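The structure appears below as structure tokens.
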Amino acid sequence: MSIRLNCLSNMARRLNCNFSQWSSRVFAAEFDSRCDPVYFALSAQTPAADEKQSLLFQKLFSQGKAYSIHAITDDRIQRARSYSDLQDKLVSALPKSCNLLQLIAFHPNVNNSLVKGFFIQDALNNAETENMLKDLVKSEEFHLCTYVSSEDGTLWQQCVWSQRGKECTDVTKHYITVAAKPEYHPSLLNIINTVVFYSFEDAYRVLQECKECIPESKEVLELADQCLKNSTKGRFPVIVIEGLDATGKTTLTQSLQEILRGALLRSPPGCLSQWRARFDAEPPLIRRAFYALGNYISACDIARESAKSPVIVDRYWHSTAAYAIATEVGGALESLPSSHSEVYRWPRDLLTPDLVVLLTVRPEERARRLRARGVEKTREEAELEANNLFRQKVEEAYRRIQDPACVVIDASPSKEEVLSEVLLLIQKHCNL
Ligand SMILES: Nc1ncnc2c1ncn2[C@@H]1O[C@H](COP(=O)(O)OP(=O)(O)OP(=O)(O)O)[C@@H](O)[C@H]1O
Ligand SMILES: Nc1ccn([C@@H]2O[C@H](COP(=O)(O)O)[C@@H](O)[C@H]2O)c(=O)n1
């Protein structure tokens with residue numbers, strides 16, 4: 001069986017072997033991002049045997065040998081980067097007999113309590129797997145557990161492994177019980193200020209914390225320092241064009257610029273282009289903070305240009321938030337935060353456009369355009385094409401963002417038809 005990697009993310013605060021820290025956490029192991037995870041908790045007491053529970057745990061733990069592992073550090077930047085490194089190590093070094101799943105631990109309804117790691121099923125109970133995982137624990141960066149059953153196979157325990165001198169041994173054991181499915185998907189606990197930032201300061205702080213490990217952050221921060229934090233819009237309208245890849249944003253924004261004799265800007269702005277690939281390679285916490293700051297830097301240009309002419313913007317805040325939310329939230333479309341959730345609010349200190357148009361295109365037409373263009377796709381866009389569910393989630397998140405909400409138009413018709421529809425919208429919303 002090949003290594004299967006489901007949707008992934010980052011870890012929260014330091015985890016040690018103190019049972020009290022873990023006892024109230026719920027764990028979720030995700031077999032498939034489209035289905036509900038298996039939720040389980042730890043218990044100090046021997047739980048009553050339960051046939052249904054036992055069958056569920058058989059599926060999870062008894063595939064040869066099972067392990068869980070996650071990074072341990074208080075530093076959120078280091079934690080996010082360790083998680084990414086761990087993912088790379090596991091994907092490249094685990095034997096083919098292993099199945100790699102996402103494992104998260106969280107306190108239900110407690111924001112930012114989510115801790116992310118991996119669950120490993122080794123069908124062949126390979127010594128190589130155990131040695132590799134024990135080596136990782138030696139670096140003291142990671143916390144490793146194994147899962148063992150009672151003799152009759154009805155009860156399961158989690159054993160925490162720890163480095164004692166030269167030996168890595170299991171030091172504590174806790175019973176495992178099935179936990180209730182939480183009201184909201186646990187990934188919602190870590191959206192605000194982890195992948196979506198609602199103020200200049202919050203995004204800026206992340207890059208400040210990165211200065212040592214990512215020297216390029218200093219240059220991005222210098223650019224951010226130069227921009228006015230509360231950019232005020234000029235008297236001309238600001239029109240943002242949003243949409244998934246190949247929905248026609250570039251085509252439309254160029255036509256609008258010509259017809260309205262306006263300025264054409266984009267987010268992230270050109271001055272950040274040289275660092276984009278660098279930050280795209282970083283974990284979501286850092287990558288999303290970079291894009292968030294990009295919006296504030298673009299806002300300065302928008303403020304300046306809107307004093308002189310109408311401004312057309314190719315992607316802005318809606319893109320930053322929609323992609324971040326859709327990527328972070330595992331599971332089905334229904335797992336997205338509900339329409340009234342605060343995650344869809346506009347940042348209080350970011351320049352607000354007069355009109356945001358969301359271009360939507362039927363999936364077949366979008367795929368046709370992508371093929372016709374024949375350009376290399378970014379990792380995320382390649383995933384978009386492969387993953388129809390993710391595409392739907394990004395689009396739905398776009399639609400839910402408020403104040404300003406986007407006006408959705410079907411951009412599947414010809415370029416001329418799309419342009420005239422958007423010009424009508426501009427007339428209606430922007431007094432042009
Ligand atoms: N209304 C339309 N009908 C048919 N083809 C279109 C239409 N609008 C754009 N296209 C074509 O679709 C392709 C993608 O368009 P475009 O580059 O404008 O999209 P985009 O949203 O800017 O993509 P990206 O976000 O990847 O830059 C181009 O080849 C373009 O000529
Ligand atoms: N304001 C923005 C703009 C873009 N992104 C991220 O970039 C990707 C799409 O950019 P393209 O240049 O390919 O159009 C997308 O994956 C977004 O995550 C952003 O976050 N904010």
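Note that the coordinates shown come from a computational prediction; the quantities given were computed from them, not determined experimentally. Remember, it's 1-based here, ligands and their atoms both numbered in the order they're listed. Basis for what follows: all heavy atoms, side chains included, without hydrogens, waters or symmetry-related copies.
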Checklist entry - Taking the six-membered ring where the residue is Trp, are the ring centres of Y198 and W317 under 6.0 Å apart? => result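 Ring-ring flag for Y198/W317: true, centres closer than 6.0 Å.
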Checklist entry - Do the rings of Y323 and F390 sit parallel, tilted or perpendicular, given the 30° and 60° boundaries? => result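 Correct class here is perpendicular.
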Side chain, backbone, both or neither: the part of [X] lying under 4.0 Å from ligand 2 by heavy atom:
{"X": "W317", "answer": "neither"}
{"X": "R288", "answer": "side chain"}
{"X": "D245", "answer": "neither"}
{"X": "R266", "answer": "neither"}

Report yes if some N/O of [X] lies less than 3.5 Å from some N/O of ligand 1; otherwise report no.
{"X": "P413", "answer": "yes"}
{"X": "G248", "answer": "yes"}
{"X": "S412", "answer": "no"}

Item to check | contact_flag A246 ligand 1 heavy-atom lt 4.0 Å | outcome: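 Contact check A246 vs ligand 1: positive.
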Checklist entry - With a 4.0 Å cut-off on heavy atoms, does E417 reach ligand 1? => result no
Item to check | Closest candidate by heavy atom, reference atom 4 (C) of ligand 1, pool E416, R266, E242, R369 | outcome: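 Considering heavy atoms of E416, R266, E242, R369, the nearest to atom 4 (C) of ligand 1 sits in R369.
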Next on the checklist: Within ligand 2, which atoms have a heavy atom of R287 less than 4.0 Å away?
Outcome noted: 16 (O), 18 (O)
Check each atom of ligand 1 against the heavy atoms of [X] and keep those under 4.0 Å away; list them by number with element.
{"X": "K249", "answer": "18 (O), 19 (O), 20 (P), 21 (O), 22 (O), 23 (O), 24 (P), 25 (O)"}
{"X": "S414", "answer": "1 (N)"}
{"X": "R315", "answer": "25 (O)"}
{"X": "T250", "answer": "17 (O), 18 (O), 20 (P), 22 (O), 27 (O)"}
{"X": "T251", "answer": "9 (C), 15 (O), 16 (P), 18 (O), 30 (C)"}

Next on the checklist: If you count heavy atoms of other groups shown closer than 6.0 angstrom to NZ of K428, is the number above 12?
Outcome noted: no
Do [X] and [Y] come within less than 4.5 Å of each other through their side chains, counting heavy atoms only?
{"X": "F27", "Y": "S68", "value": "no"}
{"X": "R366", "Y": "D245", "value": "yes"}
{"X": "L90", "Y": "M132", "value": "yes"}
{"X": "F197", "Y": "N295", "value": "no"}

Checklist entry - Looking at residues at least two apart in the chain, or sitting in another chain, which of them share a side chain to side chain contact (heavy atoms under 4.5 Å, CB included) with A66? => result F61, F119, Y147
Next on the checklist: Taking a cutoff of less than 4.0 Å between a non-hydrogen atom of the residue and any ligand atom, is R276 in contact with ligand 2?
Outcome noted: yes
Checklist entry - Does even one non-hydrogen atom of H318 get within less than 4.0 Å of ligand 2? => result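 No heavy atom of H318 comes that close to ligand 2.
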Next on the checklist: Name the residue from T352, L351, V356 that meets the side chain to side chain contact (heavy atoms under 4.5 Å, CB included) definition with Y316.
Outcome noted: L351
Checklist entry - With no hydrogens and no angle check, do the side chains of S412 and D410 hold a donor and an acceptor under 3.5 Å apart? => result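 Short answer, yes.
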Checklist entry - Can you list the residues that meet the salt bridge (Lys or Arg N to Asp or Glu O under 4.0 Å) rule with K181, with sequence neighbours excluded? => result D36
